Every structure is written in C-alpha cells, then in structure tokens.
Amino acid sequence: DAGVIQSPRHEVTEMGQEVTLRCKPISGHNSLFWYRQTMMRGLELLIYFNNNVPIDDSGMPEDRFSAKMPNASFSTLKIQPSEPRDSAVYFCASSPLPGTNNSPLHFGNGTRLTVT
Amino acid sequence: AQSVTQLDSQVPVFEEAPVELRCNYSSSVSVYLFWYVQYPNQGLQLLLKYLSGSTLVKGINGFEAEFNKSQTSFHLRKPSVHISDTAEYFCAVRSNNNDMRFGAGTRLTVKP
C-alpha cells in the first residue's frame, strides 16, 4: 500500500502565478479531503469529496481556490492567482467508504507552498 | 457543527515522566474521536481512535486515551515518555456529516 501520494513536495512560486497541487488517494478509498496547515490557523479543512463529488467546500477561502476530482484516483487543488498569504502546507487525506464516519483519515506527506 | 479544543499549545516534559495532553470537544450528535501525531515535515499519523464500547482506548507507541462523555473530553496519556515522542499531537472529531475537524495541536517536547 503506497499510501496517499501528494506532489510536488515543495513548490515555490511568485505572486500571481497559478499553482496546482496533486493528490492520489489510497486505492479503494472513496472520501478525499484537502487541508491547509499554518502556524496561525492550524489545520483547516478546505474541501472534501465523496465518490468524486464535492460535498462541502465551505472551507475554501476564496474564489481563487478550486478543487477537482475527475476520477477516484486523482484530485487537484488549484490556486489562481496565488498570493503570499497562501503560503502553507497543504495536506490531502483519504478514507474508505463514504458514510462510514468512524473511519480514520490517512494523510499524505503534504505540499509545502511558498508564494513570494 | 463539531469543534475541538486542545487546552495546551505546548507541553514540555522530561524523559520517562508521565504526560497528559488535553482535548475537549463539542458536538450535538454522536462523535468519533481520534488522536494523530505529526513528526517534522511529515503528514499526520493515526495514534488511536474511539468509536464505541470501552471508554479507554489504547494506541500505538504506548499511548492511550479515555473518552469521558459527561466532560466531553478525550485526553491522551502516556505513563513514560521517550525523546522520540517529541512531536505535534492533534485531537480530532468526526460525526455523521462525515467531515473531520482538528484541534489546534499540542507540541510535546521531551527533554533528556
């Protein structure tokens, strides 16, 4: 089991550029979550999907942020245009079976984004 | 919606001493509770979980936690810590709406 795979591990970009973060969940997991971690705000839930369908995106900070899950094995989080305050570590997590709410989440190693 | 409060942002402790990391939650429905650990530059790893049944749950690395419904708490404990336990610890709650909310984290520092 390869676990949740995120890419890239590190991303440095200039303000105004588009950034795309990628996630491959664990095979067979039907729920996928995107979190953002900063010193000031801790772990924030941005959006989550069940069976590739976005269920709750109320945590997405602005219209500059968008997330997609075109199939069960891939998701992207896009920031366009990026700003310095978007600098953070972005985590993707997956869990088995939507509706099985007692399942723990399995996290990737995160993408550290720095916007200059 | 559910929420989680971790009462201590930092907990320094000497090696081989006992430790308790506090967590309180709020929710109007039944919840499932979790503790995760995060080592530097890594993602979160599950330590233990409470789903139902016995209120004392044991996890990896010698950690355990006790669910107290009347006090809405889920404190994490270890009777004797090691240097390698130095990390950030997160309490989390999940309920029927499927999302998972995390506390702000507690940084445990074990000193020799």
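Quick note on labels: first sequence line is chain A, next is B, and so on, each numbered from 1. Here the structure is a predicted model, which means the values were calculated and not measured.
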Looking at every non-hydrogen atom in both residues, tell me the closest pair between B:K49 and A:P104 and how far apart they are.
NZ-CD, 3.8 Å
Report the residues that fulfil ring-ring contact (aromatic ring centres under 6.0 Å, His included) with A:H106, sequence neighbours left out, ordered by chain and then residue number.
A:H29
Answer with side chain, backbone, both or neither: which region of A:R9 has an atom nearer than 4.5 Å to a non-hydrogen atom of chain B?
side chain
Quick check on A:Q37 against chain B: is it the side chain, the backbone, both or neither that has a heavy atom closer than 4.5 Å?
side chain
Grab the two heavy atoms, one from B:M100 and one from A:Y35, that are nearest each other, plus how far apart they are.
O-OH, 2.7 Å
Heavy atoms from other residues, nucleotides or ligands near CZ of A:R112 exceed 12 (cutoff 6.0 Å)
no
Apply side chain to side chain contact (heavy atoms under 4.5 Å, CB included) to the pair A:F91 and B:Q38, showing each step before the final yes or no.
CA-CA 12 Å; A:F91 286 103; B:Q38 184 180 31; 3.2 Å; yes
Identify, with sequence neighbours excluded, every residue that meets ring-ring contact (aromatic ring centres under 6.0 Å, His included) alongside B:Y25.
none
Is there a ring pair (Phe, Tyr, Trp, His ring centres under 6.0 Å) between A:F107 and B:F34? Walk through the geometry before answering.
CA-CA 14 Å; A:F107 281 79; B:F34 305 83; over 10 Å; no
Give the cluster check for A:L21 versus A:M69: same hydrophobic cluster or not, with ILVMFWY residues linked at side-chain heavy-atom distances below 4.5 Å.
yes
Mark yes when over 12 heavy atoms from residues, nucleotides or ligands other than A:N71 sit less than 6.0 Å from its CG; otherwise mark no.
yes
Would the distance check show the side chain of B:Y36 and the main-chain N or O of A:L105 forming a donor-acceptor pair, the cut-off being under 3.5 Å?
yes
Using the rule that two of Ile, Leu, Val, Met, Phe, Trp, Tyr join whenever any of their side-chain heavy atoms come within less than 4.5 Å, decide whether B:L56 and B:W35 are in one cluster.
no
For B:L44, is it the side chain, the backbone, both or neither that has a heavy atom under 4.5 Å from a heavy atom of chain A?
both
Taking side chain as everything from C-beta outward and backbone as N, CA, C, O, which of these in A:N109 sits under 4.5 Å from a heavy atom of chain B? Side chain, backbone, both or neither.
both
Please check if the number of heavy atoms outside A:E62 that lie under 6.0 Å from its CD is greater than 12.
yes
